[in-house]
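Report on one structure; see the data block that follows.
Order of the sequence lines sets the chain letters (A, B, ...), proteins ahead of strands, with each chain counted from 1.
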Amino acid sequence: MTPAKLADAVLAAAHALFSERGLDRAALPATTTVERPRNPEHGDYASTIALQLAKKIGLPPRELAAGLAEQLARTPGVKSVEIAGPGFLNVRLDPAAAGQLARVVVEAGREYGRSDVLAGQKVNLEFVSANPTGPVHLGHTRWAAVGDSLRRLLAAAGADVASEYYINDAGSQIDRFGRSVLAAAKGEPTPEDGYGGEYIADIARQVLAEHPAVLDLPGDEAEAVFRNEGYRLMLAEIKASLGRFAVDFDVWFSERGLHDSGAIEHALDTLRAQGHLYESEGALWLRTTDFGDDKDRVLIRGNGEKTYFAADAAYYINKRERGFEKCVYLLGADHHGYINRLRAIAACAGDDPDANIEILIGQLVNLVREGQPVRMSKRAGNVITLDELVDAVGTDAARYSLARSSTDSPLTLDIEVITRRSNDNPVFYVQYVGARTASVARNAAELGLTRGDAESFRPELLAHAKENELLKALGDYPAVVTAAAELRAPHRLAHYLEKDLAPAYHRFYDNCRILPMGDEEITDLHRARLWLNDATRTVIANGLELLGVSAPERM
RNA sequence: GCGCCCGUAGCUCAGCGGAUAGAGCAGGGGACUUCUAAUCCCAAGGCCGCAGGUUCGAAUCCUGCCGGGCGCGCCA
């Protein structure tokens, strides 16, 4: 019995009761859920449906609960239903029905937790999109970790999702980058508005190695070579860094491509047709103030140049024309001023900002080193790059520690702590469960203990309190995945693995001996516990996979 | 000034309108002759920033205030 099936049974009980008593079934919700009470005295699962319905139909909640309890108690697998407090329904399951979950999980394998609740949704997820003028640094990594996990979660919930990296390869930043690389190649100091840092010199050396005669070219041509080749090398480095971080984008989208393909003119046509363009002071404007922006935005400057904002608008319209009904942007708190203007772009294009565009603002990552805040800036020499972070702590620890907290809260990463590779890193705690389950499975195989076929599995033997808790934790997993996907909150998954599943397994392990000891004969209980062990292994592996973290067999 | 986010145990943070608000770390006390002690158990630690409101019920929703972070370009 899974929580989802029990919730269905609760709803079915409500339907049965309502038709029996001639109550208005329109008052019933389309779906309902059951909760897991913290207090074990409140049963295995609890429903608040009576409390929610009481007011709608004008019956006292406890009376309604009594009727529901009577119906629900007839459900196979339900052992008892009690009414508590103002009208909670506290449900206990038969141990056999509860224990069957281990089999459900093992048999589903990698599919356990995957669903189709978001089927049919075509979602575009854009994140990182760091300028290709420097390495990916710590300021981007939170989005790399969270965004990529979100992509995996949405896919697991059945959405048709594409992750995209928008490459700002047009405009003045990339020109400054080119001039900086050229200057480095000539051994000149960094231009006033240029990029410093070691990586510029590295790139200059690589360009020189591939084009030994480049400095003999006229200044403009040489600069173009350094700009284009430098850009190519920088982008390759960015892709490699993210690849090491287990982040791979479905689409690398070039801003220059928007300019070259005429997509910007096309976007202007779309916006003009919707009636939101006007000219003023020689510039072309989008009237974003019609839709909540605090000022109108320039699309084409007085000098004829298209603004970055024009490209943003064109990119959005392009995404929509590629069939994405939901365009999700993951931005740092320093970009929250973009919310209104991005939403206004959608509205000006004739879309519904509430339905077609979703902007997630996450707070910044603060770096502390020996008590001193470290300023993160691409222009400062002293930056921590993604590569350095991965070198120091590994992809697993880095991704996990970035994904495990809510993006609404600023995250303080202490360089001293995460580079110390200390044992108190929570990712090890979760991975350790997976390693333990794998170790038990190996030892079981050596002893000749196997789960046996599904028919011989005796789920009612999994009646120990710790087994029950573990089963319930395993049962929660699918709902955790869908909630994390729908709420765009990967940290919920990490939290579940770390605070719910992992401790439940350790307590089970400590209290319930899985393998036979010494000359002990193999019993059905050993086999049943092995099912539970392997089910845990499945969920740990599936969950860590969605976080982009490995689940080692040995540690 | 305006806008977004945050304020929960000493520290770092979970908490989907539900029952007695949770965890990790730090500090105190325990548990390894047999499956990985990177673990587990016990005790201790709280005006959920403050004040109102909404309702059967508020850490959660609404309003105001206080404190902190970030942002408000014909920059990218």
Side-chain angles (χ1 to χ4, degrees), chain A residues 33 35 37-39 41-42 46 48 51-52 54-55 60-61 84-88 90 131 133 168 170-174 176 255 280-285 294-303 305 307-309 311-312 332-340 359 361-364 366 404-412 414 417 422-433 435-444 446-447 449 479-480 483 486-487 489 491-492 494-496 498-500 502-503 505-507 509-518 520 526 529-530 533 554-555:
Chain A
T33 56
E35 323 177 339
R38 264 193 191 283
N39 186 340
E41 287 173 19
H42 295 145
T48 58
L51 294 165
Q52 289 156 19
K55 192 168 194 180
F88 292 101
N90 291 340
N131 280 348
T133 52
N168 295 118
S172 63
Q173 296 280 355
I174 204 84
R176 278 155 54 180
E255 180 190 2
S280 172
E281 301 165 50
L284 184 67
W285 297 70
D294 50 1
K295 53 168 293 188
D296 289 340
R297 305 288 165 177
V298 172
L299 292 161
I300 299 181
R301 290 201 281 267
N303 63 10
E305 270 181 52
T307 61
Y308 188 88
F309 178 73
D312 281 346
D334 54 338
H335 284 73
H336 84 253
Y338 282 45
I339 296 175
N340 284 338
I359 299 146
I361 295 298
Q363 301 305 304
L364 300 178
N366 295 306
R404 71 186 281 266
S405 58
S406 163
T407 53
D408 284 342
S409 301
L411 179 62
T412 301
D414 190 320
V417 171
S422 54
N423 282 348
D424 53 8
N425 192 327
V427 68
F428 293 123
Y429 177 73
V430 176
Q431 287 180 316
Y432 185 64
V433 172
R436 259 192 165 176
T437 58
S439 170
V440 169
R442 280 193 301 271
N443 295 339
E446 257 178 49
L447 292 170
L449 171 63
V480 170
E486 289 178 317
L487 298 169
H491 76 276
R492 281 171 175 268
H495 190 254
Y496 160 80
E498 183 180 325
K499 311 293 189 191
D500 207 348
Y505 178 79
H506 286 311
R507 283 194 277 265
Y509 180 94
D510 275 0
N511 287 275
C512 305
R513 173 82 196 188
I514 301 162
L515 303 177
M517 285 194 283
E520 209 183 342
H526 296 127
R529 285 180 171 166
L530 191 57
N533 180 75
R554 296 173 202 270
M555 289 175 73

Is any side-chain heavy atom of A:Arg492 less than 4.5 Å from a side-chain heavy atom of A:Leu487?
-> yes
Hey, is B:C11 sitting syn or anti, using the within-90° cutoff around 0?
-> anti
Out of B:G15, B:C72, B:G18, whichever nucleotide has its closest atom nearest the side chain of A:Pro86 = B:G18
With heavy atoms under 4.0 Å as the rule, sort A:Gly302 into base, sugar-phosphate or nothing.
-> base
With the side chain of A:Arg513 defined as its heavy atoms from C-beta on, choose the nearest nucleotide among B:U39, B:C35, B:A14.
-> B:C35
Would you indicate what A:Thr33 reaches in the nucleic acid, counting non-hydrogen atoms under 4.0 angstrom: base, sugar-phosphate, or nothing?
-> nothing
OP1, OP2 of B:G24 versus side-chain N and O of A:Lys499: anything below 4.0 Å?
-> no
How is A:Arg404 classified with respect to the nucleic acid when contacts are heavy atoms under 4.0 Å: base, sugar-phosphate, or nothing?
-> nothing
May I ask you to evaluate whether A:Tyr496 reaches the phosphate of B:A23, defined as a side-chain N or O under 4.0 Å from OP1 or OP2?
-> no
Compare the ring of A:Tyr432 with the six-membered ring in the base of B:U39 and state whether they stack (centres under 5.5 Å, planes under 30°).
-> no
Here the distance between atom P of B:U20 and atom CD of A:Glu35, to the nearest Å, is 13 Å
Closest non-hydrogen atoms of A:Ala283 and A:Val298, given as atom of the first, atom of the second and distance, are CB-CG1, 4.1 Å
Respond yes when some side-chain nitrogen or oxygen of A:Arg301 is under 4.0 Å from OP1 or OP2 of B:C75, and no when none is.
-> yes
Can you tell me how far C1' in B:G22 sits from the matching atom in B:C75, rounded to whole Å?
-> 46 Å
Go through the N and O atoms of the side chain of A:Asp510 and the base of B:U39, and report whether any donor-acceptor pair is under 3.5 Å.
-> no
Separation between CD1 of A:Ile300 and OG1 of A:Thr307, rounded to the nearest 0.5 Å | 8.0 Å
Where the side chain of A:Arg507 is concerned, which of B:A19, B:C41, B:A14 is the nearest nucleotide?
-> B:C41
5' priority, RNA chain B, between A:Phe88 and A:Glu281 [closest heavy atom] = A:Phe88
Map A:Leu487 and A:Ile514 onto RNA chain B by nearest heavy atom, then report which one ends up closer to the 5' terminus.
-> A:Leu487
Answer yes or no as to whether B:G71 has its base stacked against A:His335, where stacking requires a ring-centre separation under 5.5 angstrom and planes under 30 degrees apart.
-> no
Shortest side-chain distance from A:Met555, nucleotide among B:C74, B:C72, B:A38 = B:A38
Return no unless some side-chain N or O of A:Asn443 is found under 4.0 Å from OP1 or OP2 of B:U36.
-> yes
Determine the interatomic distance between P on B:G53 and the same-named atom on B:C6; round to the nearest Å.
-> 24 Å
Expressed as a whole number of Å, how far does the C1' atom of B:A21 sit from that of B:C47?
-> 14 Å
Pairwise P distance, B:C13 and B:C65 [rounded to whole Å] = 27 Å
To the nearest 0.5 Å, what is the distance between NZ (A:Lys295) and CG (A:Asn340)?
-> 13.5 Å
Approximate separation, where rounding is to 0.5 Å, of A:Met517 CE and A:His526 NE2 | 7.5 Å
Mind checking the C1' distance from B:G46 to B:G30? Whole angstroms is fine.
-> 26 Å
pair_partner(B:C72), Watson-Crick or wobble, both distances < 3.5 Å, evaluates to B:G1
Pairwise side-chain contact, A:Tyr509 with A:Val433, heavy-atom cut-off 4.5 Å (strictly under) | no
Interatomic distance at P, B:G24 relative to B:A14, whole Å | 16 Å
Using a cut-off of 4.0 Å on non-hydrogen atoms, how would the nucleic acid contact of A:Asp500 be classed: base, sugar-phosphate, or nothing?
-> nothing
